[in-house]
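Whatever order the structure lists them in is the order used to number ligands and atoms, beginning at 1. Keep in mind the model is a prediction, meaning the values are calculated, not measured. Atoms considered below: every heavy atom in the structure, side chains included; atoms not considered: hydrogens, waters and symmetry mates.
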Amino acid sequence: MGKYIIAGNWKMNKLPSETYDYIKEVIDATKGSECEVVCCTPFVCLPQAVEAAKGSHVKIGAENLHFEDKGAFTGEVSAEMLKDLGVDYVIMGHSERREYNNETDETVNLKAKKALEKGLIPIVCCGESLEQREAGITMDWIAIQIKKAFAGISADDAKKVVVAYEPIWAIGTGKTATDDQAEEVCGGIRELLENLYDAETAKAITIQYGGSMNPKNCAGLLAKPNIDGGLIGGASLKSADFAVITKAA
Ligand code: G3H
């Protein structure tokens with residue numbers, strides 16, 4: 001299916017002063033991994049992360065961006081700024097940003113288009129709440145998120161996008177989706193993408209699972225046919241744990 005990508009999402013953890021050494025640790029620990037290894041860091045850690053990762057197999061990502069090119073947007077960071085720094089990936093639509101920072105399907109779409117225009121790889125997050133899962137509307141909800149995120153994106157560009165399926169109830173809770181639950185939704189996303197584009201495009205898109213993925217449960221999840229990697233929160237903060245996951249992919 002899509003290229004295997006394991007991306008760490010540090011969230012609001014680690015200091016700029018810790019970043020250079022930690023990225024070096026990740027480089028050492030993940031050597032020999034067959035997947036693409038990515039560390040997404042807070043904006044203030046990106047210069048150190050990019051510097052440390054130079055010439056290595058580890059790629060660096062940001063956790064957010066603004067969809068406008070430039071202007072009076074106090075506190076925001078543009079795609080061009082990230083690109084200029086040497087960043088390769090950028091996360092958008094994470095459920096934490098949807099909950100606390102007014103991220104919507106519309107801003108996710110604008111951000112994805114801007115990232116692609118500037119040569120960054122978007123990691124587009126989607127996922128249902130526990131209430132939605134219990135109401136049996138998981139796939140309906142995900143279908144809305146995916147259709148809106150990909151609106152106006154060509155098949156060629158869509159192939160570059162990474163989708164991260166993150167059930168909200170599994171994030172940071174230690175409560176992972178079972179291998180089958182995760183596969184069912186990731187397979188459903190693949191089908192949606194096939195309907196939006198075509199089979200070749202859908203196959204080329206990396207679909208990650210995220211939500212309490214850790215060294216113990218990663219092998220089962222990553223063995224599923226429609227799970228092409230992971231977006232890792234807590235377990236990306238310890239290089240040894242993160243490396244177990246990158247080596248399972
Ligand atoms: O972006 C990563 C996800 O929110 C998963 O976080 O691995 O700490 O559950 P977690």
Side-chain angles (χ1 to χ4, degrees), residues 4-14 22 26 29-30 35-43 45-46 49 58-65 87-101 103 108 111-112 115 120-130 132-133 138 141-142 145-146 149 161-179 181-183 185-186 189 206-222 224 227-249:
Y4 271 75
I5 303 173
I6 299 292
N9 174 14
W10 293 5
K11 307 193 179 184
M12 198 168 75
N13 293 293
K14 297 209 183 283
Y22 185 69
V26 170
T30 60
C35 65
E36 174 109 310
V37 180
V38 183
C39 290
C40 299
T41 85
F43 286 139
C45 298
L46 287 171
V58 171
K59 304 273 190 256
I60 302 302
E63 297 176 14
N64 183 36
L65 79 164
V87 167
D88 289 308
Y89 286 80
V90 59
I91 298 172
M92 60 209 60
H94 194 284
S95 59
E96 289 150 14
R97 293 204 64 84
R98 291 182 193 259
E99 185 176 354
Y100 307 123
N101 302 89
E103 184 88 292
V108 170
K111 288 177 180 189
L120 294 164
I121 299 171
I123 302 179
V124 173
C125 303
C126 61
E128 82 288 3
S129 66
L130 189 57
Q132 288 168 325
R133 174 158 285 268
T138 296
W141 178 250
I142 304 271
Q145 291 185 317
I146 293 290
V161 176
V162 176
V163 175
Y165 165 56
E166 300 206 312
I168 298 170
W169 47 272
I171 297 175
T173 57
K175 205 172 162 189
T176 323
T178 65
D179 302 348
Q181 280 174 327
E183 168 62 16
V185 179
C186 291
I189 293 172
T206 296
I207 303 177
Q208 299 175 318
Y209 167 79
S212 299
M213 197 191 272
N214 60 41
K216 286 197 180 126
N217 61 25
C218 61
L221 288 160
L222 293 167
K224 291 292 181 186
I227 302 179
D228 312 318
L231 186 58
I232 321 297
S236 71
L237 301 174
K238 285 191 185 143
S239 59
D241 287 354
F242 190 53
V244 172
I245 303 174
T246 65
K247 286 176 182 169

What residue and atom, counting heavy atoms only, is the protein's closest point to [atom], and at what distance?
atom	result
atom 7 (O) of ligand 1	Gly233 N, 2.9 Å
atom 3 (C) of ligand 1	Glu166 OE2, 2.8 Å
atom 6 (O) of ligand 1	Lys11 NZ, 3.2 Å
atom 8 (O) of ligand 1	Gly234 N, 2.8 Å

At less than 4.0 angstrom from any non-hydrogen atom of [X], what atoms of ligand 1 do you find?
X	answer
Gly172	8 (O), 9 (O), 10 (P)
Ile171	4 (O), 6 (O), 9 (O)
Gly211	5 (C), 9 (O)
Ser212	7 (O), 9 (O), 10 (P)

Working to the nearest 0.5 angstrom, can you tell me the gap between [X] [atom1] and [Y] [atom2]?
X	Y	atom1	atom2	value
Cys39	Tyr22	SG	OH	6.5 Å
Lys11	His94	NZ	NE2	4.0 Å
Leu120	Ile91	CG	CD1	12.5 Å
Leu231	Cys125	CG	SG	5.5 Å
Asn64	Arg97	CG	CZ	3.5 Å

Report task. Go through the structure and list residues passing ring-ring contact (aromatic ring centres under 6.0 Å, His included) with Tyr4, not counting sequence neighbours. Result -> none
Query - Under the side-chain hydrogen bond (donor to acceptor under 3.5 Å, both in side chains) test, residues paired with Lys59 that sit two or more places apart - result: none
Query raised in the report: Where do Arg98 and Val108 land on the side chain to side chain contact (heavy atoms under 4.5 Å, CB included) test, with the steps shown first?
Result: CA-CA 9 Å; Arg98 291 182 193 259; Val108 170; 3.9 Å; yes
Query raised in the report: Would you say His94 has any N or O atom under 3.5 Å from an N or O of ligand 1, going by distance alone?
Result: yes
Report summary line: Counting heavy atoms under 4.0 Å, the part of Ala170 that contacts ligand 1 is backbone
Query - Residue part near ligand 1, for Asn9, under 4.0 Å between non-hydrogen atoms - result: side chain
